[in-house]
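Along the sequence shown, residues are numbered consecutively beginning with 1.
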Amino acid sequence: MKTLKTTAWILVSLLCAVSFGFVTGLLNPDEKVNGLWLVTAAGCFYVLAYRFYGGFLGRRVMQLDDERSTPACRLEDGTNYYPANKYVLFGHHFAAIAGAGPLLGPVLAAQFGFLPGFLWIVVGAVVAGAVQDFVILVGSLRRNGRSLPEIARAEIGWITGTATAVAVLFIVIVALAGLGLAVVNALAANPWGTFTIAMTIPIAFLMGWYHHHVRPGRVGEMSLMGIILLILSVALGKMVAQSDLAIWFTHDRTTLVWLLAGYGFLASVLPMWMLLVPRDYLSTFMKLGVIGLLAIGVIILAPDLHMPKVTGFIAGGGPIIPGPLFPFLFITIACGAISGFHSLVSSGTTPKMIARESQAMVGYGAMLLESFVGVVALISASLLIPGDYFAINTRLPAETLAAMGFPVENIHRLSQLVETDVSGRPGGAVSLAVGMAWIFSALPGMAGLMAYWYQFALLFEALFILTTIDAGTRVARYLIQEMGGYVYAPLRRINWWPGVILSSALVVGAWGWLIATGTISTVWPMFGAANQLLGTLALCIGTTLFIKMDKARYLWVTAIPMVFVGIITLTGCHDLWWIFLDRAQTTADPVTRVTMTLNAALVALVALLALVVLAESAMKWYQYLILKQPYTTTEIPDGEGIRIPGGKCC
């Protein structure tokens, strides 16, 4: 049996190497790259990484132990702390981390060509993103589910804790704005899509009620019910869009922004079992099913990629993302390789739901799956004719795109097939949906259904976004209550309703305003830079945890990706600061001038906060490792820890 397993792993490794050879052009360099090779290269690489590197992290570095009591069991209150079914746990965690970032970032980064983005998505996820998610999840799990800022304050110092809390709050708000902007652009004047997305809310309520009160523990029944209702919503959406009811689901961009904010507020204050968990679980089935079907479609169709390996925009001057490949490729892809936002989920809701320590491997595995989502999204966008891709993601006229070397060819035909004008819809969501619809409609028996597949793809993308808004708004609410608790003690209680409502309103108001006043070319790079900076901070905090676990010999696990991502992101912040200032000085619109100046100030602030955290952390490392000064840790020994009061909370 051992020989058979060894042979199987050798074959997987060989397939991985051959696939990378075709993708990079080392094999058959003169031929167009087939999308099939990207799927096999990424899939094999992830399997190998989880089996060997992930196993090494779990067994040797973090030493997961199922004999240790988890906070979900020790502090169970039925609302914020409770041991979830392992499949529900995976569903929640994957849905919470897999927002629109791995879908939209790679699509927007295709501006530079498919190869640079593909390599960073795959390699970055294995050595940086998944490592960050896993280390922070275990660190929080062993500290009663403490948030990242609380861990920073307790393990490093109050300066780092405060700087991290402020940076995290800003980053979460910008992240939610960046993700929400894409769904708003996709649903504007689209009653079919708006109806379908709206129906997911009562479906989630029904699933939560059924699983919590009617048939507790019947996960399969709840799942089947949700999937059937979701499919019916897509089918009924076209009928609604063609009826008198369409007016109720046809909204402009501004209306959608505040409807989205209202939903975020609702998701933040209601008990997790009522909306957040069932919706996340339903979304995970949808996400994994669609990504799996897309991968199968790519394998069956084996389509050639029309986007070149590298475009002329690597030196800058691109129509979608400003700036050159370094550093803008990395901050544009964002969540597809490493996402600081994940550290908030890993130190937010997920550690409060883990029943056994071994289940913490969900942190590493779920990130690899999210990265695979990014690969499939990149393939879907790269299938389009480059001129059509740019025509969808910019508002530039066809003549201008042709002058850049990317003539528009099929944009009118694509609009007819999906029954919606897809030109001039920046943000990545629409071009991704068109690419996905093309793959699905090209499968046997699917001809003539491209319009349905297009709306289905928009639903798929919106579920990614809304599940992130669910968890992200709640995490930001927790942060405001934690920080506010130092000023007014009752705010720290997460079951105190005045504090819940006030903090939730502040969060949704902030990211709603950013969506209403921003564009994809300003909000998305700012989101990417802020998100990557938070990833740097999370890896920095993880390095400190290793020292206090007496694991200094493994510091390279977090320190190397921390330095690499940190250099990239601080460079990006520097470039963005100058871009925003230049736009503020050259625009004639006073509103735009104020917005650009504020954006520049926010980018500078978050970069400064990151430098503060890195500086204090480096001082602590020097004291612990070189001067051998004693240190304490807040890691809770088994059987100890706080007890929170009973009663209803949110």
Side-chain angles (χ1 to χ4, degrees), residues 57-58 60-65 67-75 81 131-168 343-344 346-348 350-352 354 357 360 363 478-479 481-483 485-486 489 492 494 534 536-559 562 609-644:
L57 294 176
R60 300 285 297 278
V61 180
M62 303 309 292
Q63 293 182 316
L64 300 179
D65 182 6
E67 297 299 317
R68 294 176 65 118
S69 176
T70 66
C73 299
R74 191 171 58 251
L75 310 176
Y81 291 87
V131 170
Q132 172 214 253
D133 293 11
F134 176 63
V135 170
I136 296 301
L137 176 57
V138 177
S140 177
L141 181 67
R142 292 175 177 174
R143 289 165 177 80
N144 280 331
R146 279 185 166 185
S147 69
L148 187 70
E150 283 189 310
I151 295 174
R153 177 184 291 270
E155 300 292 349
I156 302 175
W158 71 268
I159 295 177
T160 290
T162 303
T164 302
V166 176
V168 163
S343 66
L344 306 183
S346 293
S347 62
T350 301
K352 299 176 178 65
I354 291 179
E357 271 207 354
Y478 289 160
L479 291 172
Q481 289 190 260
E482 285 177 8
M483 290 187 291
Y486 292 102
R492 183 177 288 274
I494 58 176
L534 180 55
T536 304
L537 299 187
L539 289 168
C540 173
I541 294 168
T543 302
T544 303
L545 297 185
F546 278 4
I547 294 174
K548 294 194 172 185
M549 291 169 61
D550 294 325
K551 299 284 186 180
R553 63 188 179 279
Y554 297 123
L555 287 185
W556 56 269
V557 170
T558 52
M562 176 194 71
L609 291 171
L611 289 173
V612 169
V613 173
L614 292 171
E616 187 180 18
S617 297
M619 290 174 56
K620 296 290 185 180
W621 301 339
Y622 179 78
Q623 293 169 2
Y624 298 151
L625 297 176
I626 305 301
L627 301 182
K628 304 298 181 182
Q629 292 184 1
Y631 53 78
T632 59
T633 179
T634 58
E635 183 173 315
I636 296 172
D638 188 30
E640 298 183 17
I642 62 169
R643 294 278 178 181
I644 64 176

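To the nearest 0.5 angstrom, N144 atom CG is 6.0 Å from Y81 atom OH. Between the OG1 atom in T164 and the CG atom in L537 there is a gap of 5.5 Å [rounded to 0.5 Å]. A distance of 7.5 Å separates OG1 of T544 from OH of Y624, quoted to the nearest 0.5 Å. A distance of 5.0 Å separates CE in M562 from OG1 in T543, rounded to the nearest 0.5 Å. Put simply, CG on L137 and CD on E357 are 9.5 Å apart, with the number rounded to the nearest 0.5 Å. With values rounded to the nearest 0.5 angstrom, I547 atom CD1 is found 8.0 Å from Y631 atom OH.
A donor-acceptor pair under 3.5 Å is formed between the side chain of K352 and the backbone N or O of G348. Formation of a donor-acceptor pair under 3.5 Å by the S347 side chain with backbone atoms of L148 is found in this model. With hydrogens and angles ignored, the 3.5 Å screen pairs no side-chain donor or acceptor of T160 with any backbone N or O of A152. Side chain of S617 to main chain of C540: no donor-acceptor pair is present (N/O by atom type, distance under 3.5 Å, no hydrogens or angles).
Of all the heavy atoms in L625 and A552, the pair that sits closest is CD2-CB, 4.0 Å. Closest approach of T634 to R143, counting heavy atoms only: OG1-NE, 3.2 Å.
Partner of S140 under the side-chain contact (heavy atoms from CB on, under 4.5 Å) criterion, chosen from L545, L344, I151: I151.
Put simply, the side chain of K620 reaches to within 4.5 Å of the side chain of Q623, judged on heavy atoms. Inter-residue side-chain proximity for V135 and L539 is flagged as unmet; no heavy-atom pair is nearer than 4.5 Å. P71 places a side-chain heavy atom less than 4.5 Å from the side chain of L141. Contact check for F134 versus L64: side-chain heavy atoms found under the 4.5 Å cut-off.
Residues passing the salt bridge (charged side-chain N to carboxylate O under 4.0 Å, His left out) test with K548 are E155, sequence neighbours excluded.
For the pair K551 and F546, the cation-pi test (distance below 6.0 Å, angle within 45°) is failed.
We find that R146 and E635 are not joined by a salt bridge, their nearest charged nitrogen and carboxylate oxygen being 4.0 Å or further apart.
For R553, the CZ atom counts as densely surrounded, since its 6.0 Å shell holds more than 12 non-hydrogen atoms of other residues, nucleotides or ligands.
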